[in-house]
Student: 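Pasting in a structure now, in structure tokens, and then I'll have a few things to ask.
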Number of protein chains: 2
Amino acid sequence: MEHRKISRAVISRLPRYHRYLGDLLEAGVERISSNDLSKKMNVTASQIRQDLNNFGGFGQQGYGYNVKYLYTEIGKILGLNKTHNFIIIGAGNLGQALANYASFEKSGFILKSLFDVNPRLEGMSIRGIQVRMMDELVDFLQNNEIEIAALTIPKSKVVEVADLLVANGIKAIWNFAHMDLDLPKDVIVESVHLSDSLMQLSYNISRRKEAKKK
Amino acid sequence: MEHRKISRAVISRLPRYHRYLGDLLEAGVERISSNDLSKKMNVTASQIRQDLNNFGGFGQQGYGYNVKYLYTEIGKILGLNKTHNFIIIGAGNLGQALANYASFEKSGFILKSLFDVNPRLEGMSIRGIQVRMMDELVDFLQNNEIEIAALTIPKSKVVEVADLLVANGIKAIWNFAHMDLDLPKDVIVESVHLSDSLMQLSYNISRRKEAKKK
DNA sequence: TAGATTGTTAATCGATTAACAATC
DNA sequence: TAGATTGTTAATCGATTAACAATC
């Protein structure tokens with residue numbers, strides 16, 4: 001099977017398709033045309049068809065797309081048909097927030113442990129998942145199949161911890177630190193930069209105000 | 001002053017420039033060329049110069065860019081030279097995590113209050129900032145200049161709350177709910193979809209595995 | 001002045017949209 | 001069959017990169 005290169009732009013839209021199809025499925029909708037979906041999602045029908053056809057022909061002429069089927073197929077593309085074990089490094093507020101966010105589990109992301117340096121958190125558990133101390137990390141990684149590590153630790157610690165994780169076989173990092181990670185290219189890094197997001201909001205506020213002045 | 005339309009792509013890169021320039025500033029670097037910065041940031045020098053020239057000529061031929069000046073100017077473009085009061089709706093884990101993230105304050109984002117429906121949180125405060133009950137919200141908005149509302153509440157409540165906020169003059173929403181908001185177009189919405197981000201990570205893991213099979 | 005590096009125009013590349021033949 | 005709607009090719013649009021004259 002030959003795969004053409006899928007662009008970043010397309011990939012970034014897949015979760016959104018998945019989300020809308022999930023909503024339609026819950027609402028009991030059986031089929032939908034690219035045109036109807038495009039109106040709901042505020043994109044062009046053309047883009048939807050182009051995006052989907054990167055992965056195969058999921059629709060049927062004259063009918064549209066079967067919601068349940070398309071939802072499942074996009075799920076597979078996104079890897080949601082498999083489970084992914086993950087850990088959280090940094091059991092502060094953000095780490096705990098992620099740990100409590102049970103929805104991830106529905107998509108197959110299973111939290112196996114949290115880690116922290118703070119001895120006050122020792123022995124604590126969240127939704128039944130234990131918080132461990134950082135010095136147990138290497139041992140834990142050797143005895144558990146962990147795929148993803150979420151980093152909710154301060155910028156100053158992140159390089160050291162990421163190196164440790166990579167040295168122990170972690171191949172995917174979900175990075176919340178306010179910093180880009182420079183890791184071997186077989187390690188996948190997905191960063192969530194909250195302050196970048198807030199700054200974009202602020203940019204738009206400023207621009208709006210300027211426009212009003214005129 | 002005439003402004004050409006700035007593309008979303010450019011805007012989304014500004015916070016990252018700002019971050020790198022901040023780091024350089026802290027490291028005591030006085031000036032930097034687009035070429036040196038491009039190597040640090042893994043983008044082309046051409047792109048840096050193009051991006052910056054959307055907003056004006058901040059550099060000097062034969063010299064490069066003054067780090068402090070450029071940092072300040074990008075800060076202004078992003079609206080970081082002004083303070084922005086904000087509130088958090090939903091004082092659960094994520095809301096508390098944001099409230100505790102003091103770095104926002106350094107960029108001029110001042111948290112004025114949190115709101116929740118949970119009576120157990122009544123009277124609580126975080127970094128000296130009070131958690132209030134939702135029925136105090138409208139009154140609070142009328143008596144305080146609030147620019148931004150961060151929504152860290154469940155999907156099921158988000159439409160209702162967003163409408164209430166907009167009805168009471170909020171013009172900028174930082175949305176963490178797993179849902180797109182459809183609001184009047186004079187309201188700025190910036191969404192952080194954590195599960196979308198996790199799914200992109202998962203997509204890349206799956207693709208990596210497929211490639212290995214061959 | 002000579003060297004460096006910007007600002008900016010032109011060329012290229014990629015992504016989005018339009019159009020329509022294929023087909024259910 | 002006629003109508004609807006996909007899959008896909010072609011056209012357009014926009015964003016990135018390359019090149020270089022301007023200038024510090």
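Every chain is numbered from 1, with letters handed out A, B, ... down the list of sequences.
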Student: Of all the nucleotides listed (D:dT6, C:dG7, C:dT16), which has the minimum atom distance to the side chain of A:R49?
Tutor: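 It is D:dT6.
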
Student: Going by distance alone, is a donor N or O of one side chain under 3.5 Å from an acceptor N or O of the other, for B:D196 and A:H18?
Tutor: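 Result is no, nothing qualifies.
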
Student: Contact class for B:R8 vs. all strands (heavy atom < 4.0 Å): base, sugar-phosphate, or nothing?
Tutor: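 It contacts nothing in the nucleic acid.
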
Student: Using both distances under 3.5 Å as the test, list the Watson-Crick or G-U wobble partner of D:dG14, or none.
Tutor: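 Checking every strand shown, D:dG14 finds its partner in C:dC13, with both distances under 3.5 Å.
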
Student: Using Watson-Crick or G-U wobble geometry with both distances under 3.5 Å, which nucleotide pairs with C:dA21?
Tutor: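 Its partner is D:dT6.
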
Student: Please report whether the ring centroid of A:F115 lies less than 6.0 Å from that of A:F140.
Tutor: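 Here the rings of A:F115 and A:F140 have centres that are less than 6.0 Å from each other.
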
Student: Distance check needed: C:dT16 P versus A:M41 CE, whole Å only.
Tutor: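 The distance from CE of A:M41 to P of C:dT16 comes to 13 Å, rounded to the nearest Å.
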
Student: Would you kindly give the CG-to-P distance between A:L70 and D:dT5, to the nearest whole Å?
Tutor: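 Distance, rounded to whole Å: 16 Å.
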
Student: Quick check for you: among D:dT5, C:dT6, D:dA18, whose closest atom lies nearest to any side-chain atom of B:S33?
Tutor: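 Of all the options, the side chain of B:S33 is nearest to C:dT6.
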
Student: Consider the side chain of A:T44, meaning its heavy atoms from C-beta on, and name the nucleotide among D:dT16, D:dT6, C:dT17 that approaches it most closely.
Tutor: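 From the listed options, C:dT17 comes nearest.
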
Student: If you only use heavy atoms from C-beta on, which nucleotide in D:dC24, D:dA10, C:dA22 is closest to the side chain of A:Q50?
Tutor: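 Of D:dC24, D:dA10, C:dA22, D:dA10 is nearest to the side chain of A:Q50.
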
Student: Which whole-number value in Å describes the distance from B:Y69 OH to D:dC24 C1'?
Tutor: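 One finds 15 Å between C1' of D:dC24 and OH of B:Y69, rounded.
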
Student: When you match B:I32 and A:S46 each to their closest nucleotide on DNA chain C, which lands nearer the 5' end?
Tutor: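 The answer here is B:I32.
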
Student: Measure the distance from CD1 on B:I48 to C1' on C:dT5 and round it to the nearest whole Å.
Tutor: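 In whole Å, C:dT5 C1' lies 13 Å from B:I48 CD1.
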
Student: Expressed in angstrom and rounded to an integer, what is the separation of A:D51 atom CG from C:dG14 atom C1'?
Tutor: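 Checked: the CG to C1' distance equals 14 Å.
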
Student: Using the closest heavy atom to pick a nucleotide of DNA chain C for each, name whichever of A:Q61 or B:S34 lands nearer the 5' end.
Tutor: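 On the 5' side of the pair lies B:S34.
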
Student: Out of D:dC24, D:dT6, C:dC24, which has the shortest distance to the side chain of A:Q60?
Tutor: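 Out of D:dC24, D:dT6, C:dC24, the nucleotide with an atom closest to A:Q60's side chain is C:dC24.
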
Student: Please confirm whether the ring centroid of B:F109 lies under 6.0 Å from the ring centroid of B:W174.
Tutor: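 Centroid separation for B:F109 and B:W174: 6.0 Å or greater.
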
Student: Between B:N35 (CG) and D:dA18 (C1'), how many Å, whole number?
Tutor: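 In whole Å, D:dA18 C1' lies 13 Å from B:N35 CG.
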
Student: Does the side chain of B:Y65 get closer than 4.0 angstrom to OP1 or OP2 of D:dC24 through an N or O atom?
Tutor: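 For D:dC24, OP1/OP2 do not have a side-chain N/O of B:Y65 under 4.0 Å.
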
Student: Considering just the side-chain nitrogens and oxygens of B:R13, establish if one lies under 4.0 Å of OP1 or OP2 belonging to D:dA15.
Tutor: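 It does not, given that no N or O in the side chain of B:R13 lies less than 4.0 Å from OP1 or OP2 of D:dA15.
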
Student: Over how many whole Å does the gap from B:Q47 atom CD to C:dC13 atom P extend?
Tutor: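 Computing the B:Q47:CD to C:dC13:P distance gives 16 Å.
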
Student: Can you measure A:N42 atom CG to C:dT16 atom P for me and round it to whole angstrom units?
Tutor: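 Going from CG in A:N42 over to P in C:dT16 covers 15 Å.
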
Student: Within 45° of the six-membered ring axis of B:Y65 and under 6.0 Å from that ring's centre, is NZ or CZ of B:R31 located there?
Tutor: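 Geometry flag: not set, cation outside 6.0 Å or 45°.
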
Student: Evaluate the salt bridge (charged side-chain N to carboxylate O under 4.0 Å, His left out) criterion for residues A:R132 and A:D116: first the C-alpha distance (whole Å), next the side-chain angles of each, then the deciding distance (0.1 Å), finally the verdict.
Tutor: CA-CA 6 Å; A:R132 294 183 170 79; A:D116 207 293; over 6 Å; no

